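Bear in mind the structure is a predicted one, so any value in this text is a computation, not a measurement.
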Amino acid sequence: MSIANIRKSTEEKMKRSIESLKTDLQKVRTGRAHTGILDHIQVDYYGQPVPISQVANLQLADARTITVQPWEKNMIAAVEKAIRESDLGLNPAAMGETIRVPMPALTEERRRELTKFIKGEGEQTKVAIRNLRRDANEAFKKLVKDKEISEDDERRAQDDIQKLTDKAVAEVEQILQTKEAEIMTV
């Protein structure tokens with residue numbers, strides 16, 4: 001492996017870690033409705049689990065209500081059941097061909113719990129990013145040991161990886177601040 005390959009691989013893995021954090025934080029219910037909350041819900045569609053977005057149209061009715069309109073009338077009960085049994089604590093109500101999913105308001109205590117959870121998720125992502133930095137630095141040391149690069153090249157490469165790490169950690173911090181503000185101001 002070359003320095004460029006190690007850098008590229010590390011950068012891609014850091015981006016995937018950040019995307020994973022974003023996906024996990026989308027599931028955190030803030031009291032404000034957004035269709036992304038339901039993205040990870042799987043619906044039993046003729047014996048196959050499929051994402052809810054593949055069997056229904058998701059829209060916002062207002063700031064606190066999501067409407068789910070299954071494309072097939074016989075799927076209304078299955079979609080409603082999937083939402084109710086999800087880990088989100090939502091209580092959907094079927095109204096004709098549409099399912100209304102109201103977002104309950106958050107208590108101050110629940111907001112603080114969610115903030116702690118979000119910070120924990122962010123810390124795990126930062127640890128993953130730092131582990132990627134460590135792995136890249138170890139790969140550089142191996143290249144020096146195998147006499148494929150000089151020590152000066154190793155130092156420059158480590159500095160470059162450190163800059164990538166700092167940038168990724170700063171992005172994680174920004175994501176966390178945004179989500180925390182969203183939770184505390186709803």
Do [X] and [Y] touch side chain to side chain, with heavy atoms closer than 4.5 Å?
X	Y	value
Lys163	Lys167	no
Ile76	Pro70	yes
Leu176	Leu25	yes
Phe117	Asp24	no
Thr98	Val68	no

For this session: Determine whether the side chains of Arg134 and Asn137 contain a donor N or O and an acceptor N or O closer than 3.5 Å.
Result: no

Exercise. Does the side chain of Glu154 come under 3.5 Å of the side chain of Gln158 through a donor N or O and an acceptor N or O?
Worked result: yes

Once you round to the nearest 0.5 Å, how far does [atom1] of [X] lie from [atom2] of [Y]?
X	Y	atom1	atom2	result
Ile99	Leu58	CD1	CG	10.0 Å
Glu12	Arg7	CD	CZ	10.5 Å
Thr115	Glu180	OG1	CD	5.0 Å
Arg16	Leu21	CZ	CG	15.5 Å
Ile41	Ile52	CD1	CD1	5.0 Å
Thr10	Asp160	OG1	CG	10.0 Å

Ion pair [X]/[Y], N-O distance below 4.0 Å:
X	Y	result
Arg155	Asp152	yes
Glu19	Lys15	no
Lys145	Glu138	no

For this session: Only one of Val169, Leu132, Thr125 passes side-chain contact (heavy atoms from CB on, under 4.5 Å) with Met14; say which it is.
Result: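 The side-chain contact (heavy atoms from CB on, under 4.5 Å) with Met14 is passed solely by Leu132 among Val169, Leu132, Thr125.
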
Exercise. Where do Val101 and Thr67 land on the side chain to side chain contact (heavy atoms under 4.5 Å, CB included) test, with the steps shown first?
Worked result: CA-CA 6 Å; Val101 185; Thr67 57; over 6 Å; no

Check: [Y] main-chain N/O paired with [X] side-chain donor or acceptor under 3.5 Å:
X	Y	answer
Lys179	Ile118	no
Ser9	Ile6	no
Thr178	Gln174	yes

For this session: Could you tell me which residues satisfy side-chain contact (heavy atoms from CB on, under 4.5 Å) with Arg84, sequence neighbours excluded, listed by chain and number?
Result: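 Residues passing side-chain contact (heavy atoms from CB on, under 4.5 Å) with Arg84: Glu80, Asn91, Pro92.
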
Looking only at heavy atoms, which two atoms of [X] and [Y] are closest? And how far apart?
X	Y	result
Trp71	Gln54	CZ3-O, 2.9 Å
Ile129	Ser17	CG1-CB, 4.4 Å
Ile3	Ala157	CG2-CB, 3.7 Å

Problem set entry | More than 12 heavy atoms from other groups under 6.0 Å of NZ on Lys126 | yes

For this session: Would you indicate whether Glu109, at its atom CD, is surrounded by more than 12 heavy atoms from other residues, nucleotides or ligands within a distance under 6.0 Å?
Result: no

Exercise. Are Tyr46 and Asn74 close enough, and set up right, to give a side chain to side chain contact (heavy atoms under 4.5 Å, CB included), and what steps lead you there?
Worked result: CA-CA 11 Å; Tyr46 298 107; Asn74 62 340; 3.2 Å; yes

Exercise. When clusters are formed by joining ILVMFWY residues with side-chain heavy atoms under 4.5 Å apart, either directly or through shared neighbours, do Val127 and Ile161 land in the same one?
Worked result: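 Per the 4.5 Å side-chain linkage, Val127 and Ile161 are not co-clustered.
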
Problem set entry | side chain to side chain contact (heavy atoms under 4.5 Å, CB included) between Met103 and Ile66, intermediate numbers included | CA-CA 8 Å; Met103 294 288 132; Ile66 299 172; 3.6 Å; yes

